Amino acid sequence: MTFIYETYDTVSKSGFKNFKEELPDYITQNLRYPLRSYQQEALGRYLYYKNDDNRAIPEQVLYNMATGSGKTLLMAAVILEKYQQGERNFIFFVNNDNILTKSKDNFLESSSGKYLFAEKIVMDRQVVTVREVMDFSDSRDDSIKKLHQDLNTPRENRLSYEQFKDISVVMLADEAHHLNAGLDTNEKKDNTSWTSTIETIQKTSKKSSIFEFTATIDLTNPTLSQKYEKSLLFKYDLKEFRLDKYSKDVLFHLVDGDINHRMLQAILISQYRKKIALKNGINLKPLVMFKSQKIAESQENLDAFLGVLDNLSPEDIQAQRDLVSEMDEKSSILKKSFSYFEKTGITDTDLVAELQEDFRKERLLLVDGKNKHKDSLNLLNTLELPTNEIRAIFAVDML
């Protein structure tokens, strides 16, 4: 198989029944993790759809699924199914470098904790390798290849539209709503837009399929609804995700006051959650994200945060406790935090020392357009690992 990565910057449900079938071994045995029930249904719908005479030609599939519901694992399952169908060439479209880095870990790096295939991929008794190449001329029948390249800026020894004339290709788009930038606002389509790029590949290639995955798409828009009328196979929104108990409930803690007060309250709550988890035998590292509109503002917030920590005193903790005592909500999580600290004998001096250690500069991550080097992206993509000590992220529309 061959993987190619392309980066883009910028319905009604189809008539398929609620379909789920027993999945074939060549999928289940080549995935690192088992598919959840709704993921099985999502894939089962495609297995039904692929034999339907009314499906879109070229093949076009949309999965509209909630953030965190495992779209990438479903994508890995789709890759295995398309390989079984005889496909060997895959192109990925992602909308930023962070997702690109994560996707490489998902599909290429077998040593990564995020790798989604089994340790050894075996199809029809043959071991399948995963490779990165610069163009499809290096395609082999026993491997998956991938590439990151801008088709609209042709260069020597790189992928070009010309190569598609003799091959079949499968396109996979993560955060696929970005593909429709301009389309849903009736803007004139540029010939270098990603929509145009995909259409050119579809027209040029011997055969093509596209699988789009997104949590965010406005299917009430008539243009988008018409585009995906025969393509939307599965919709699994945040409400369903929550009702199935795979998602946590989202609670709001509203804070009046300047940025320093909000920052301090955020890390106090984070520390409380860490302690509650440890009390229940869970090694949990809660994370705080401070989001800004501009890069300069994010840097200012980081500097302010470091200033708060450096000058933090027991008197500052007591001041927050006094503010909390005036709150009307008896169930305020900050009230619960201070109550827990008092019951377990954690003094304000102890809290100061803990916060200064747990949120020291080395455990903070600044991520934006100017600060997204390889090490930062690696830390961002491995936040859940025990070896990753990051406790707070300062970001500008990056996550």
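Since this is a predicted model, take the numbers as computed values, not measurements. Hydrogens, waters and symmetry mates play no part in the numbers below; they use all other heavy atoms, side chains included.
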Closest approach of [X] to [Y] (non-hydrogen atoms, all atoms of both residues):
X      : Y      : answer
Val170 : Lys82  : CG2-CE, 3.9 Å
Gly68  : Phe241 : O-CZ, 3.3 Å
Tyr49  : Gln60  : OH-O, 3.1 Å
Ala77  : Leu43  : CB-CD2, 3.8 Å
Pro314 : Val352 : N-CG2, 3.7 Å
Ala66  : Ala215 : C-CB, 4.0 Å

For Asp244, is there an ion pair with Arg36 - N to carboxylate O distance below 4.0 angstrom?
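Salt bridge flag = no for Asp244 with Arg36.
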
Before you tell me yes or no, could you show the steps for Lys235 and Glu240 under salt bridge (Lys or Arg N to Asp or Glu O under 4.0 Å), namely the whole-Å CA-CA distance, both residues' side-chain angles and the distance that decides it to 0.1 Å?
CA-CA 10 Å; Lys235 184 174 176 63; Glu240 291 178 274; over 6 Å; no

Check step by step if side chain to side chain contact (heavy atoms under 4.5 Å, CB included) holds for Ile121 and Leu80.
CA-CA 9 Å; Ile121 303 173; Leu80 294 170; 4.1 Å; yes

Whether [X] side chain and [Y] backbone form a donor-acceptor pair below 3.5 Å:
X      : Y      : value
Asn280 : Ile282 : no
Asn30  : Val122 : yes
Asn64  : Thr214 : yes
Asp368 : Val396 : no
Thr204 : Thr200 : yes
Arg273 : Pro286 : no
Ser270 : Ala266 : no
Asp316 : Ser313 : yes

Hphob cluster co-occupancy, [X] + [Y], side-chain heavy atoms under 4.5 angstrom:
X      : Y      : answer
Leu383 : Leu379 : yes
Tyr33  : Leu23  : yes
Leu287 : Val308 : no
Tyr161 : Ile91  : yes

Return the [atom1] to [atom2] distance between [X] and [Y], rounded to the nearest 0.5 Å.
X      : Y      : atom1 : atom2 : value
Ser292 : Lys294 : OG    : NZ    : 11.0 Å
Ile167 : Asn89  : CD1   : CG    : 4.5 Å
Met171 : Thr197 : CE    : OG1   : 10.0 Å
Gln202 : Ile210 : CD    : CD1   : 6.0 Å
Asn311 : Leu306 : CG    : CG    : 10.5 Å
Ile390 : Leu365 : CD1   : CG    : 5.0 Å

Are the aromatic rings of Phe90 and Phe107 close, with centres under 6.0 Å apart?
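They do not qualify: ring centres at least 6.0 Å apart.
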
Apply the test side chain to side chain contact (heavy atoms under 4.5 Å, CB included) to residues Ile267 and Leu264: give CA-CA distance (whole Å), side-chain angles for both, the deciding distance (0.1 Å), then the verdict.
CA-CA 5 Å; Ile267 61 175; Leu264 181 52; 4.2 Å; yes

Output, in order, the C-alpha distance, side-chain angles, deciding distance and verdict of side chain to side chain contact (heavy atoms under 4.5 Å, CB included) for Tyr38 and Leu74.
CA-CA 10 Å; Tyr38 62 85; Leu74 179 59; over 6 Å; no

Does [X] reach the side chain of [Y], with side-chain heavy atoms less than 4.5 Å apart?
X      : Y      : value
Met123 : Gln126 : no
Ile217 : Glu212 : no
Val78  : Tyr46  : no
Ser247 : Leu238 : yes
Leu62  : Lys227 : no
Phe338 : Leu268 : yes
Tyr63  : Gln39  : no
Asn301 : Met263 : yes

Determine whether Gln299 and Asp303 satisfy the following criterion, side-chain hydrogen bond (donor to acceptor under 3.5 Å, both in side chains), listing intermediate values before the conclusion.
CA-CA 6 Å; Gln299 181 64 60; Asp303 294 340; 3.1 Å; yes

By the side chain to side chain donor-acceptor pair (under 3.5 Å) test, which pairs, at least two apart or in different chains, include something from residues 355-367?
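Of all non-adjacent pairs touching residues 355-367, those that pass side chain to side chain donor-acceptor pair (under 3.5 Å) are Gln271-Asp358, Lys274-Asp358, Glu357-Arg360, Asp358-Arg391, Arg360-Glu362, Arg363-Glu389.
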
With under 30° as parallel and over 60° as perpendicular, where do the rings of Phe290 and Phe305 fit, or are they tilted in between?
tilted

Donor-acceptor contacts, no H, no angles, side chain residues 110-118, under 3.5 Å, sequence neighbours left out:
residue : atom : partner : partner atom : Å
Ser112  : OG   : Lys114  : N            : 3.0
Lys114  : NZ   : Asn381  : O            : 3.0
Lys114  : NZ   : Glu384  : OE2          : 3.3

Mark yes when over 12 heavy atoms from residues, nucleotides or ligands other than [X] sit less than 6.0 Å from its [atom1]; otherwise mark no.
X      : atom1 : value
Asn283 : CG    : no
Lys285 : NZ    : yes
Asp258 : CG    : yes

Side chains of Arg321 and Gln318, donor plus acceptor under 3.5 Å
yes

Just by distance, no angles: are the side chains of Asn106 and Ser103 close enough, under 3.5 Å, to form a donor-acceptor pair?
no

Passes side chain to side chain contact (heavy atoms under 4.5 Å, CB included), Asp174 versus Met75? Steps please.
CA-CA 9 Å; Asp174 198 4; Met75 192 182 297; 4.2 Å; yes

